[in-house]
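What follows is a single structure, written as C-alpha cells, with notes after it.
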There are 2 protein chains.
Amino acid sequence: MTDRASCLVSKLGHYISLSEDDRQRLSTLEKSERSYGAGTDIYQMDDPCTDLFVVKQGWLFSYNDLPDGSRQIVKLHLPGDIIGFPDVSQKHVTSTLCAAEDVVLCPFPKTALDVILRDSPRLSALILSIALRDQIILLDLLRALGSMTARARISYMLLDLLARLKITNKGMSDVLRLPLNQSQIAAYVGLTNVYVSKTLSRMEKDGDIARTGNTVHLLRPEAMEEATDFRDRYSDMDIGWFPANKV
Amino acid sequence: MTDRASCLVSKLGHYISLSEDDRQRLSTLEKSERSYGAGTDIYQMDDPCTDLFVVKQGWLFSYNDLPDGSRQIVKLHLPGDIIGFPDVSQKHVTSTLCAAEDVVLCPFPKTALDVILRDSPRLSALILSIALRDQIILLDLLRALGSMTARARISYMLLDLLARLKITNKGMSDVLRLPLNQSQIAAYVGLTNVYVSKTLSRMEKDGDIARTGNTVHLLRPEAMEEATDFRDRYSDMDIGWFPANKV
DNA sequence: CGCGTTCGTTAAACTGTGTTAATCCACGTC
DNA sequence: GACGTGGATTAACACAGTTTAACGAACGCG
C-alpha cells in the first residue's frame with residue numbers, strides 16, 4: 001500500500017478494516033482531485049446530481065436561500081466527510097455547496113454506489129450506517145433549532161464540531177479553529193449575526209469559551225454538554241451487525 | 001399471491017417491482033403484528049435497538065424530552081412508514097416512540113437488514129434510497145425550524161403531511177385528518193400550544209385553511225407552497241441507478 | 001499613504017413568540 | 001344531572017431575538 005491512498009479508502013477505513021478487494025474497488029472509483037478557492041459555489045441548488053465528494057482539505061457548507069431572502073446553512077462539511085450523500089436519492093441536488101475557505105475535494109461518480117452495492121455487502125452496510133448516523137445527527141440538530149436558546153444552539157454547534165474533529169484526531173484538546181464568520185454561524189444555528197456576536201461575547205465573559213482570532217477554546221465542555229443534552233453520535237456507531245462479504 | 005401480503009412487501013413494492021425471491025425474503029422477516037392504544041410509549045429513549053416497525057394503521061411520533069423540560073417531536077410516522085431506521089446505526093434508540101392514536105405495527109428484527117444487504121443489491125439500494133430521502137426531508141424541516149415564522153412552519157407541516165398521504169393515495173383531495181392535539185403540533189414545529197392555536201385561527205380567518213373537528217382543509221395549497229418554498233420529495237425519487245440482483 | 005471592503009461589536013427601537021392564567025366547550029362517567 | 005377531564009381559545013404581560021444603523025479594527029490594494 002502506498003501512502004497516497006485514495007480519499008475514500010482512508011475515510012471508510014476509519015470505521016472497519018477493508019479487504020484488499022474493497023480497497024481496489026474504492027480507489028478505482030475516484031476521479032482526480034480538484035481545488036476551489038474560498039467563497040466559490042461548487043454546485044448550485046437544482047443542478048443535476050452526478051458526483052459525490054470526499055473532503056480532502058478545508059471546510060465547506062451546504063446552504064439554501066429562502067423565499068424571505070434569508071439563508072439557511074444545513075450542513076457543515078469537514079475534512080474526511082462525504083458530501084452529497086442524501087442527494088443521491090434525488091434527480092437534482094437540494095442545496096448549494098460553498099467553500100468556506102480554500103478546499104481540495106476528491107469527486108467520484110454517483111454510479112459508483114451501484115458497484116459497491118452489487119459486489120460488497122460489507123461496504124454497503126457501512127455506507128448505509130454512515131447515512132443513518134448522519135440522520136441521527138440531523139435529528140439532534142433539529143432538537144436544537146426547534147427548542148433551544150441562542151446560547152444553547154451555539155454551544156451545541158461547538159460541541160458537535162469538536163466531536164467530529166476528534167474522530168480522526170484522537171488526542172485533540174478542546175481547541176477549535178472555526179473558519180466561519182458570524183453571519184455563517186448565524187445562518188447555521190438560525191439566528192442573526194448580531195445576536196451571535198452578543199451571545200459569543202457573553203459566553204466569553206462568563207468563562208465558557210475563550211477566543212483568539214478564529215479559534216475557539218471550550219473551557220467547560222462537560223457543563224456545556226449537560227446544558228444542551230449533547231450526545232456524541234460519532235464515537236458510538238454500532239457496526240456489529242455488518243455482514244461479511246460473500247466468498 | 002394472497003391478499004394479506006406482508007407489510008414490508010406492500011410498503012417497498014410501492015417503489016419498485018419486487019422479484020418473487022425478494023418477496024419471499026421480505027415476508028419471512030416479519031414477526032406477527034402488534035396493537036397499541038393511543039398515548040402508549042412503545043419504546044423509550046436509550047432502550048436497546050433491536051426491531052424496526054412498519055406502520056399498518058394509525059399515526060405515531062418520535063419525541064425527546066429536553067433538559068429545560070420542553071419536548072421536541074422529531075418525526076411523525078404515518079401508515080406505510082418504516083419506524084426506527086436511523087437508530088439502526090446506534091446501539092440504543094435515540095428517541096421515544098409514542099402512539100398518537102390506536103395503532104397496529106408490524107415489527108421485524110434489525111438483523112433482517114443483514115440478510116437483505118447480503119442477498120439483494122436491488123433491495124439494498126431501495127432501502128438506502130429511502131433512508132437518504134428521509135434525510136432530505138429532515139433537511140427541509142431544518143430549514144423550516146431554523147428560519148421560518150410560526151405561520152410558515154405550520155403551513156410547511158401541513159403541506160408535508162398532505163404530500164406523504166398522497167404517495168399511497170393518489171387521487172386525494174386537499175383534506176387532511178390530523179390526529180394530533182395542538183400541544184403535539186407545537187412540539188413538532190417548535191412553538192407553544194397557545195401560539196399554534198392563535199396561528200391556526202388566524203390562518204382560518206385569512207382563508208388559508210378550514211377546520212372541522214380534527215380535519216383540516218387546505219384552501220390554497222399553491223400559495224402556501226410558494227410562501228414556504230415547499231418541495232415534494234416523495235414523488236421525485238431517483239431510482240434509475242439501482243442495480244439488478246445477481247443471477 | 002489613502003481608500004475600500006469585510007467583519008465584529010454595540011446600542012436603541014421594535015416585534016414575534018412565550019408565559020401564565022382564566023374561560024369555555026365537548027365528552028364521558030357515575 | 002352533576003361532575004371531572006382534556007383540549008382549544010383568549011387576553012395581558014414579559015422577553016428573547018431581530019432590525020437597523022453606526023462605528024472601529026484589520027486587511028488588501030492601487
Side-chain angles (χ1 to χ4, degrees), chain A residues 37-40 66 68-73 98-102 144-157 177-206 209-216 227-228, chain B residues 37-40 59 66 68-73 98-102 144-157 177-206 209-216 227:
Chain A
T40 7
L66 300 174
D68 66 350
S70 66
R71 168 168 298 188
Q72 177 72 36
I73 292 180
C98 177
E101 50 185 340
D102 291 348
L145 293 203
S147 35
M148 287 172 30
T149 67
R151 188 173 191 140
R153 294 186 203 190
I154 292 181
S155 303
Y156 202 94
M157 167 182 171
R177 188 184 62 97
L178 232 189
L180 300 172
N181 65 38
Q182 294 186 348
S183 297
Q184 290 163 342
I185 297 176
Y188 184 54
V189 297
L191 297 168
T192 56
N193 56 347
V194 176
Y195 208 67
V196 167
S197 168
K198 198 188 290 187
T199 307
L200 281 174
S201 303
R202 198 154 41 201
M203 288 173 74
E204 187 161 32
K205 203 180 64 187
D206 295 349
I209 60 172
R211 290 181 289 173
T212 36
N214 59 4
T215 72
V216 179
T228 59
Chain B
T40 6
W59 287 32
L66 301 174
D68 66 350
S70 65
R71 168 169 297 189
Q72 177 73 36
I73 291 179
C98 178
E101 50 185 340
D102 291 348
L145 294 203
S147 35
M148 287 171 30
T149 67
R151 189 173 189 141
R153 295 187 202 190
I154 292 181
S155 303
Y156 202 93
M157 167 181 170
R177 189 184 61 97
L178 233 191
L180 299 172
N181 64 37
Q182 295 186 348
S183 297
Q184 290 163 342
I185 296 175
Y188 184 54
V189 297
L191 298 168
T192 56
N193 56 348
V194 176
Y195 208 68
V196 167
S197 167
K198 199 187 291 186
T199 307
L200 281 175
S201 303
R202 198 154 40 199
M203 288 173 74
E204 187 161 33
K205 204 180 64 185
D206 294 349
I209 59 171
R211 292 181 288 174
T212 36
N214 60 3
T215 72
V216 179

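Here the structure is a predicted model, which is why all the values come from computation and not from measurement. All heavy atoms count here, side chains included; hydrogens, waters and symmetry mates do not. In what follows, chains are A, B, ... by sequence order, proteins preceding strands, each numbered from 1.
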Item checked: Between C1' of D:dC13 and NZ of B:K198, the distance in whole Å -> 11 Å
Item checked: DNA chain C contacts among residues 146-154 of chain B, heavy-atom distance under 4.0 Å -> B:T149, B:A150
Check: Can A:M203 and A:V216 be said to form a side-chain contact (heavy atoms from CB on, under 4.5 Å), step by step?
Finding: CA-CA 11 Å; A:M203 288 173 74; A:V216 179; over 6 Å; no
Next item on the list: Report yes if some heavy atom in the side chain of B:I154 is under 4.5 Å from a heavy atom in the side chain of B:L191; otherwise report no.
Entry: yes
Check: For B:A210, which residues count as a side chain to side chain contact (heavy atoms under 4.5 Å, CB included) partner, sequence neighbours excluded?
Finding: B:H217, B:L219
Notebook entry, point to check: Does any pair with a residue in residues 195-204 of chain B pass side-chain hydrogen bond (donor to acceptor under 3.5 Å, both in side chains), and if so which ones, sequence neighbours excluded?
Noted result: B:E204-B:R211
Notebook entry, point to check: If only side-chain N and O atoms of B:S197 are considered, is one of them under 4.0 Å from the OP1 or OP2 phosphate oxygen of D:dT9?
Noted result: yes
Return the polar atom pairs (N/O with N/O) between nucleotides 24-30 of chain D and the protein under 3.5 Å, or none.
none

Next item on the list: Kindly indicate whether the side chain of A:L178, heavy atoms from C-beta on, has any atom under 4.5 Å from the side chain of A:I185.
Entry: yes
Next item on the list: Answer yes or no: is there a side-chain heavy-atom contact under 4.5 Å between B:E101 and B:N214?
Entry: no
Checklist line | Those residues that, when tested against B:A227, pass side chain to side chain contact (heavy atoms under 4.5 Å, CB included) (two or more places apart) | finding: none
Next item on the list: Report the end-to-end axis angle of the helix from C:dC1-D:dG30 to C:dC30-D:dG1; each axis comes from five terminal pairs, and the value is rounded to 10°.
Entry: 30°
Checklist line | Within residues 184-196 of chain B: residues closer than 4.0 Å to DNA chain C (heavy atoms) | finding: B:G190, B:L191, B:T192, B:V194, B:Y195
Note to self: Measure CZ/A:R202 against C1'/D:dA16 and give the value in whole Å, please.
What the structure shows: 9 Å
Check: Within the distance-only criterion (no hydrogens, no angle test), does the side chain of B:D102 pair as donor or acceptor with the backbone N or O of B:G37 below 3.5 angstrom?
Finding: no
Next item on the list: Taking side chain to side chain donor-acceptor pair (under 3.5 Å) as the test, write out the residues that go with A:D68, two or more places apart.
Entry: A:S70
Checklist line | Residues forming a salt bridge (charged side-chain N to carboxylate O under 4.0 Å, His left out) with A:D206, sequence neighbours excluded | finding: A:R151
Item checked: Partners passing side chain to side chain donor-acceptor pair (under 3.5 Å) against B:T192 (at least two apart in sequence or in another chain) -> none
Check: Starting at CG of B:N181 and ending at C1' of C:dC27, how long is that distance when rounded to a whole Å?
Finding: 16 Å
Next item on the list: State which residues pass side chain to side chain contact (heavy atoms under 4.5 Å, CB included) with A:A144; sequence neighbours excluded, sorted by chain then number.
Entry: A:M148, A:Y156
Item checked: Whole-Å gap separating C1' (C:dC27) and CG (B:N214) -> 14 Å
Next item on the list: Send over the distance from B:Q182 CD to D:dT10 P, rounded to a whole Å.
Entry: 10 Å
Next item on the list: Take atom CG of A:L200 and atom C1' of C:dC7, then tell me their distance rounded to the nearest Å.
Entry: 13 Å
Notebook entry, point to check: What residues, two or more places apart in sequence or in another chain, satisfy side chain to side chain contact (heavy atoms under 4.5 Å, CB included) together with B:N181?
Noted result: B:S183, B:Q184
